[in-house]
Every structure is written in structure tokens, then in C-alpha cells.
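Single-structure report; data block below.
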There are 2 protein chains.
Amino acid sequence: MTTALHETAEAQACCAPLVAAPISPADADALARTLKALADPARLRLLSLVAAHDGGEACVCDLTDPVGLSQPTVSHHLKVLVDAGLLTRDKRGVWAYYALVPDTLDSVAAALGTQLRS
Amino acid sequence: MTTALHETAEAQACCAPLVAAPISPADADALARTLKALADPARLRLLSLVAAHDGGEACVCDLTDPVGLSQPTVSHHLKVLVDAGLLTRDKRGVWAYYALVPDTLDSVAAALGTQLRS
DNA sequence: TGTCGATATTGACGCTCGTCGATGTCTGGG
DNA sequence: CCCAGACATCGACGAGCGTCAATATCGACA
């Protein structure tokens, strides 16, 4: 409960393509919050590692070494990504498995892209 | 070439779709730098205002009021966006006209999207 | 030349963020 | 019942960011 109140998965980062019409302050804030979660090299690598891992999921122990950060730091980054609705957390036994939420990433991409696709 | 070469417009934020294969540390850093420039409500609104403005360009005086920030702050944000290769600056007479660089935004969207198109 | 207006730069402030070590909290096994 | 291991939380530190007021710069015009 550090700050935010956007606990888990609000999915829709925004709406219109951003370049079509002026974005509303509220939408800008929501989109910026999701982008802030993405705007970190370690978190981008974690997201990529999780997505590319076997079965589309990975536990913390799979991620600590590749990114070269301490376990608390990796857990912190993963929490940020989960809170932003970019990852899901599934605790099975002793391990916590993280998996990608493709919709969130796609909605961000759609909000940024200028050439809209069907 | 390890650091500090993002002076003006390096356009390509990254390359592969991020979810296909683990992103390299260097690519993660480059993409994160572009995303950091985007991850601010004021800058998103400025970007949107510029893109939606008549002729696809706008000067600082057109932007100060809509975003509700002081002129130095707006100039600062615009500089950040220009340095990230997201906007171009064209000084004509006393006014400075900013315009969108669509390629950069599209390459970011392409790097984030999971459903790749042609 | 001198003034005015548009924009950029500077310096400073408070706040947020990324990182770590230390510690807490669970779960499974002996 | 207690230990070992996986993960989360806490507290702290330094760095970076967003914002503003004050000031500098630069072009147009009288």
C-alpha cells in the first residue's frame, strides 16, 4: 500500500489512438501509469523472460539470475507489473508463477500506434 | 556506444516484439528510455495535442493553456519528447513549432504488441 | 537602437523510484 | 515439531524526476 490504488488488472490502459484526438487528463493519467510500469529496463526484461519462458510462465527463481538483480528487487518489479495488470501471479506450493496478460500490452500498443489496424 | 547517444531521434526504440524472445539488456535499455519519455500524463497530453492540432504542428503558446502548466515546464517536457525522437522542433521566427514523428511511436507500439501484423 | 514578446535555460524544492540487506511469512519434508 | 527453502515485506539510501519562479536568449518591429 505504498501509493497507488489501482490494485489489480484494470486492463484497459486507455482507449483512442492518442494521435487522433486530444487525450483526456484522466485517460492520460491511466495510460501514463501503465507506461510507468513498463518504462524500466529490468521490468521489460522480466516481462520478456516470462513471456518467452516455457508454458508462458516463470517463477522468481527462474528470473533472478538472468536479470542480475537481488531476489527482493525482482519481487518488487514483479509486483509493480502485476499491479499494472501486465502480469498475473499464481502461487502453487512454494513457488509463485508469473504469466503475461497479453490484452494489457496490446491495448497499450493500440493506444500508441498511429497506423490503426482492423 | 554503451551510453548516451540518444541525443536526437534514434527512431527505432527496439526491434523484436518483446514477447517472442527475451530482450537483450541493451534493447531493454533503449526501449525503456523511450517509454520513460512517454510515461508522464503531461507529455502524453502534449503529444496528443500536437498530433491533433491543425497541420500536425503546434507552438508552445498553443499548449501551455490546455495542459495547465507553466511555460518553462511545457518547454521542458517538449525537450524531453524531442530528445526521445518523438517530436521534431522547427523554429520559425519567434515561434517554435513541434510536430509528431509517427515512426517512433509506431516502433514502440510494434515492440509492445503481442499480435504482430505484417 | 531599444523595447516587447515567445521560448529556452537555470537553480532549487519536494517527491518518487530502483536498489539493497535484513527480516518476516508461508509451505513441504524429515 | 522444527528445519530449510521460496518468496514477500520493511527500512534505508542515493539518484532522478516534475514543477516552479527567476533569468537569459533571440527574433521582430518601431
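Letters A, B, ... are given to chains in the order of the sequence lines, protein chains preceding strands, and every chain is numbered from 1.
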Residue mapping more 5' on DNA chain C - nearest nucleotide basis, B/Val94 or A/Ala39: B/Val94
If you look at every heavy atom in A/Val94 and A/Lys91, which pair is closest and at what distance? O-CE, 4.0 Å
Verify same cluster id: B/Val82, B/Leu38 (apolar side-chain graph, 4.5 Å): yes
Just so I know, are the side chains of B/Asp62 and B/Leu49 near enough to count as touching, which here means a heavy-atom distance under 4.5 Å? no
Measure from NZ on B/Lys79 to C1' on D/dG18 and round the result to the nearest Å. 16 Å
Would you indicate, yes or no, if D/dC7 has its OP1 or OP2 atom less than 4.0 angstrom from a side-chain nitrogen or oxygen of A/Tyr97? no
With respect to the phosphate group of D/dC17, does any side-chain polar atom (N or O) of B/His77 fall under 4.0 Å of OP1 or OP2? no
B/Ala84 backbone acceptor or donor facing B/Thr34 side chain under 3.5 Å: no
Could you check which residues of residues 55-76 of chain A get a heavy atom under 4.0 Å from DNA chain C? Sort them by number, please. A/Leu69, A/Ser70, A/Pro72, A/Thr73, A/His76
When you measure from the side chain of A/Arg43 to the backbone N and O of A/Leu81, does any donor-acceptor pair fall under 3.5 Å? no
Would you kindly give the CG-to-P distance between A/Asp40 and C/dC17, to the nearest whole Å? 11 Å
Answer yes if A/Val67 and B/Leu35 sit in the same cluster of Ile, Leu, Val, Met, Phe, Trp and Tyr residues linked by side chain heavy atoms under 4.5 Å apart, and no otherwise. yes
How close or far is atom P of D/dC17 from atom CZ of B/Arg33, stated in whole angstroms? 12 Å
Mind calculating the distance between CG (A/Asp29) and P (C/dT16) to the nearest angstrom? 13 Å
B/Asp83 atom CG is separated from C/dA8 atom P, nearest whole Å, by 12 Å
Can you measure B/Lys91 atom NZ to C/dG5 atom P for me and round it to whole angstrom units? 16 Å
Which whole-number value in Å describes the distance from A/Trp95 CH2 to C/dT25 C1'? 17 Å
Hey, does the side chain of B/Asp83 reach the backbone of B/Val80 with a donor-acceptor pair shorter than 3.5 angstrom? no
Do the side-chain N or O atoms of B/Arg89 get closer than 4.0 angstrom to the phosphate oxygens (OP1, OP2) of C/dA8? yes
Just to be sure I understand the rule, does A/Arg43 reach a base, reach only the sugar-phosphate, or reach nothing, if contact means heavy atoms closer than 4.0 Å? sugar-phosphate
Please state how far atom NZ in A/Lys36 lies from atom P in C/dC15, giving the value in whole angstrom units. 16 Å
